[in-house]
Amino acid sequence: MNWTDLKTSAEQRATLAALFGENPNRAHEYSVQHGDMLFDYSKTQIGADDRALLLSMAANAGVEARREAMFSGEKINETEDRAVLHTALREMGDRSVLVDGVDVMPGVRETRARMADFSEAVRSGAVKGQGGAITDVVNIGIGGSDLGPAMAVLALAPYHDGPRVHFVSNVDGADVADTLRGLDPTTTLVIVASKTFTTIETMTNARTAQEWMAERVTDTGAQFAALSTAEDKTAELGIAPERVFGFEDWVGGRYSLWGPIGLSLMIAIGADDFDAFLRGAYDMDCHFRDAPLDQNLPVMLALVGVWNNQGCGHATRAVLPYDQRLTRLPAYFQQLEMESNGKSVAMDGSALDVNSGPVVWGEPGTNGQHAFYQLIHQGTRVVPCEFMVAREGHEPELAHQHELLVANCLAQSEALMVGRGLEQATAIMAKRGLTGAELDRQARHRVFPGDRPSTTLVYPKLTPFVLGQIIALYEHRVFVEGVMLGINSYDQWGVELGKELANALTPVLRGETSDKGKDSSTRLLLDYLRQRD
Ligand code: F6P
């Protein structure tokens with residue numbers, strides 16, 4: 001794709017003030033509504049010609065054809081020769097989805113039913129530990145086998161009526177030690193979540209948990225379950241086949257929450273609410289497939305991303321949910337977006353001729369306002385912000401706090417857009433009695449440049465259905481951006497080198513092999529770290 005036209009348009013972009021000034025209807029014309037969800041991108045510097053250009057770029061990149069290829073099970077993950085079918089895990093219609101000529105849907109539905117039976121049995125106490133009904137579930141997994149369920153269990157806390165759920169991910173023993181401390185091994189269920197069942201962090205933590213449980217429980221296998229594509233490997237941990245929930249290699253790790261990797265979430269909220277979560281995602285899938293590009297939420301969210309990053313050159317984007325229960329959403333999106341689109345080689349092996357996906361980061365509001373918003377408002381770099389907020393909270397008795405939350409969210413995007421000029425700042429400081437050079441100096445510190453882009457996603461309430469919609473929205477956004485960049489969003493070769501080197505360094509740390517051949521910096525650090533009392 002030729003990115004020059006986009007960069008040229010972006011260089012000539014109008015200010016937000018000018019765009020709003022010339023079009024009183026801008027907010028309506030530059031927002032998309034789907035059902036009860038509203039995506040407002042009017043506070044970006046995208047003008048009419050820019051939007052037309054972006055839409056034509058998406059069309060020329062073949063987004064629509066590629067989208068159908070994904071939904072219909074074609075092997076669009078070309079470097080791994082795999083289909084990309086997380087959408088099949090939440091397919092709620094009766095269509096067939098063929099991979100290599102075989103319909104995968106009967107298997108998906110069967111696993112979903114097994115998960116529902118198992119989670120209801122855990123919740124009702126029919127599946128017990130040695131000491132009685134399960135009180136605690138510990139999900140051991142990392143990356144996509146952790147971030148999704150960890151984020152969603154927190155997000156759906158008002159629906160959580162099953163056993164307590166904990167998450168262990170880090171190979172740092174502190175994680176597993178702090179989590180297991182205080183739990184009763186005789187009433188704990190451990191879920192080992194790993195697509196490959198080879199990930200060193202997960203396998204190490206699983207063995208540690210098994211040893212912890214074995215001190216009090218005779219048959220640890222009865223209190224373990226496994227979620228994996230490598231069903232043969234799960235037996236090595238003594239996990240009975242009926243406790244293994246398998247999935248296929250056409251589900252990417254960071255897209256796997258919708259199937260077995262969501263088991264801990266299903267146990268927390270129950271099969272019906274999990275079903276609503278899937279329905280929300282399915283609803284977004286249907287919208288993504290059917291809506292015209294300019295009225296298509298994922299497409300427009302992607303085009304805003306492309307405009308800000310590849311067009312305007314803004315290297316990061318902040319995800320700012322004004323929703324405390326979405327605390328882990330920025331971390332979830334970080335993996336989703338950065339592991340998918342953080343690549344510099346196009347599908348055909350050529351070098352990318354434009355920036356890859358952006359750095360994604362964020363924290364919930366209002367907390368972030370008292371931490372890093374300073375830079376967003378007055379720093380020298382522009383950080384496009386993606387605000388999110390619910391119309392209604394889950395605490396009707398605290399509606400006044402929800403109003404404060406919403407007011408803060410809207411105030412931030414307004415402040416970023418309108419800013420505060422020197423004249424205004426000077427008037428404010430003059431009122432406080434300052435004059436002369438001191439007035440000028442103090443006023444300058446209080447100037448907000450404004451004209452800083454943001455989008456706002458408004459949803460009715462953070463229900464399982466809405467959470468499903470939001471996650472699917474971002475998944476498809478990543479897809480569209482990936483297609484426009486011409487990359488494969490579904491592999492992750494960039495994580496391999498570090499894993500290989502860590503495997504080689506472990507015996508060096510243990511003193512079993514020499515550090516010969518290592519660079520001098522690594523040797524210096526090894527020398528320091530090997531000194532133990
Ligand atoms: O190292 C990256 C990664 O492969 C992620 O893509 C994945 O979500 C995570 O590790 C965990 O992998 P697994 O589920 O196979 O343990």
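Atoms within each ligand, like the ligands themselves, are counted from 1 in listed order. Numbers for residues simply follow the sequence, beginning at 1.
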Just go through Glu339, Arg254, Lys195 and tell me whose heavy atom is the nearest to atom 6 (O) of ligand 1.
Glu339
For atom 10 (O) of ligand 1, state which one of Glu201, Glu496, Lys499 supplies the nearest heavy atom.
Lys499
Could you list which atoms of ligand 1 come closer than 4.0 Å to a heavy atom of [X]?
X: Gln335; answer: 5 (C), 6 (O), 8 (O)
X: Val495; answer: 1 (O), 2 (C)
X: Thr199; answer: 12 (O), 13 (P), 15 (O), 16 (O)

Using distance alone, decide if ligand 1 has a nitrogen or oxygen within less than 3.5 Å of any nitrogen or oxygen in Thr202.
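Such a contact does not occur with ligand 1.
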Do any N/O atoms on Gly144 end up under 3.5 angstrom from N/O atoms on ligand 1?
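Gly144 vs ligand 1: N/O contact under 3.5 Å present.
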Give the residue and atom name of whichever protein heavy atom lies nearest to atom 15 (O) of ligand 1, and the separation in Å to one decimal.
Thr196 OG1, 2.6 Å
May I ask you to identify the nearest protein heavy atom to atom 9 (C) of ligand 1, giving residue, atom name and distance to one decimal place in Å?
Ile142 O, 3.6 Å
Which is it for Arg328 and Leu147 under the side-chain contact (heavy atoms from CB on, under 4.5 Å) test, yes or no, and what are the steps along the way?
CA-CA 8 Å; Arg328 298 290 285 151; Leu147 288 164; 3.5 Å; yes
Could you verify whether a donor N or O on one side chain and an acceptor N or O on the other, from Glu78 and Asn488, lie under 3.5 Å apart?
no
Taking the six-membered ring for Trp, is the centroid-to-centroid distance between [X] and [Y] below 6.0 Å?
X: Tyr282; Y: His287; result: no
X: Tyr332; Y: Tyr474; result: no
X: Phe247; Y: Phe245; result: no

Within this structure, what is the CG-CD1 distance for the pair Asp184 and Ile134, rounded to the nearest 0.5 Å?
9.5 Å
